[in-house]
Amino acid sequence: AMKSALKGMDFEEAMVQKVLVRERVLEFIGPDLHGFHLEDLSIEDFDQTPLELLDPDNILDAEGITKIITRTAVQFRAAVRVSES
């Protein structure tokens, strides 16, 4: 349900729009839980899969690796510029 709810969202969007993710998960699960009823859920934290656990031969993992490395480099360069100012 969580994977389906997050489909098409990037990490930042999911973090900012936790209420939307919650609503999507609840919609996807639906009312039939073999006698159980889910009234609510809380998303407290998202975590990144460590790079060493990602498989560069898997297209989705490879895209994730590229995104992580690119964003990390951009943020690092920005931090260096700020500290040099």
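Just the heavy atoms: all of them, side chains too, but no hydrogens, waters or symmetry mates, feed the values below. A quick note: this is a predicted structure, and the numbers were derived from the prediction, not measured.
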- Who are the salt bridge (charged side-chain N to carboxylate O under 4.0 Å, His left out) partners of Glu52, not counting sequence neighbours? none
- Query: With sequence neighbours left out, which residue pairs that include part of residues 56-67 fulfil the side chain to side chain donor-acceptor pair (under 3.5 Å) condition?
  - Reply: none
- Item | For the student: nearest non-hydrogen atoms of Ala5 and Val25, plus distance | CB-CG2, 3.4 Å
- Which ILVMFWY residues can you reach from Ile69 by hopping between side chains whose heavy atoms are under 4.5 Å apart? Leu51, Leu54, Ile65, Ile68
- Ala62 versus Pro56, closest heavy-atom pair with distance: CB-O, 3.6 Å
- Message: Tell me every residue that passes side-chain hydrogen bond (donor to acceptor under 3.5 Å, both in side chains) with Glu84, counting only those two or more places apart in sequence or in another chain.
- Response: none
- Reported CZ-to-CD distance for the pair Arg22 and Glu27, which is rounded to 0.5 angstrom: 11.0 Å
Side-chain donor-acceptor distances from residues 7-21 under 3.5 Å, at least two apart:
from: Asp10; atom 1: OD1; to: Glu12; atom 2: N; distance (Å): 3.3
from: Asp10; atom 1: OD1; to: Glu13; atom 2: N; distance (Å): 2.8
from: Glu12; atom 1: OE1; to: Arg71; atom 2: NH1; distance (Å): 2.4
from: Glu12; atom 1: OE1; to: Arg71; atom 2: NH2; distance (Å): 3.4
from: Glu12; atom 1: OE2; to: Arg71; atom 2: NH1; distance (Å): 2.4
from: Lys18; atom 1: NZ; to: Glu44; atom 2: O; distance (Å): 3.4

